[in-house]
Amino acid sequence: MVVVSEMSKDELFVWVVDLLSEMFELEKSTLTLESNLYADLDIDSIDAVDLAVRLKQMTGLRLQPEVFKQIRTIGDVIEALTGLKPE
């Protein structure tokens, strides 16, 4: 289990980039905090749901639907994860 609360934002960024690279076969070196999941990375809504499910499996934390809908960039994913509390 990944303990998000014990990670710095830089560590979280590396972890999220690794996860996105693994899940969607993306080149890590091209990913930045500003990378748009939909426009830049070609992640569709089904992929986004898969990402949310994987994040919950790996962290034990669930993104609320209203937060999930606001996520657009890798930076948004990191901000959402840092704001989560264990259920």
Step by step, would you call L55 with L19 a side chain to side chain contact (heavy atoms under 4.5 Å, CB included)? CA-CA 9 Å; L55 289 170; L19 181 62; 3.6 Å; yes
Taking every non-hydrogen atom, the tightest pair across I78 and L33: CD1-CD2, 3.6 Å
Closest non-hydrogen contact found for N36 with A39 is OD1-N, 2.8 Å
Sequence neighbours excluded, which residues qualify as salt bridge (charged side-chain N to carboxylate O under 4.0 Å, His left out) partners of D18? K28
With rounding to the nearest 0.5 angstrom, report the CG to CG distance, D44 to D42. 7.5 Å
Taking only distance into account, with no hydrogens and no angle test, what donor-acceptor pairs under 3.5 Å do side-chain atoms of residues 67-75 form with protein atoms, sequence neighbours excluded?
unit_1 : atom_1 : unit_2 : atom_2 : d
R72    : NH1    : K69    : O      : 3.0
R72    : NH2    : K69    : O      : 3.3
T73    : OG1    : G75    : N      : 3.3
T73    : OG1    : D76    : N      : 3.0
T73    : OG1    : D76    : OD1    : 3.4
T73    : OG1    : D76    : OD2    : 3.4

Greater than 12 external heavy atoms within 6.0 Å of E66's CD: yes
Can you measure from CE (M23) to CZ (R54) and round to the nearest 0.5 angstrom? 5.0 Å
State the CG-CG distance between D47 and L37, to the nearest 0.5 angstrom. 10.0 Å
Please lay out, stage by stage, how I43 and L51 fare under the test side chain to side chain contact (heavy atoms under 4.5 Å, CB included). CA-CA 10 Å; I43 292 175; L51 176 61; 5.5 Å; no
Minimum heavy-atom separation for T30 to S35, with atom names? O-OG, 3.8 Å
Taking atom CG of L20 and atom CH2 of W15, what is their separation to the nearest 0.5 Å? 9.5 Å
Please name all residues satisfying salt bridge (charged side-chain N to carboxylate O under 4.0 Å, His left out) with E79, sequence neighbours left out, ordered by chain then number. K9
CE of M7 to OG1 of T59, rounded to nearest 0.5 Å, is 10.5 Å
Determine whether L31 and D40 make a side-chain contact, defined as any pair of heavy atoms from C-beta on separated by less than 4.5 Å. no
Under 3.5 Å, side chain of S21 to main-chain N/O of L26, donor-acceptor pair present? yes
Which distance, rounded to the nearest 0.5 Å, do you find between the CD of Q57 and the CG of D50? 9.5 Å
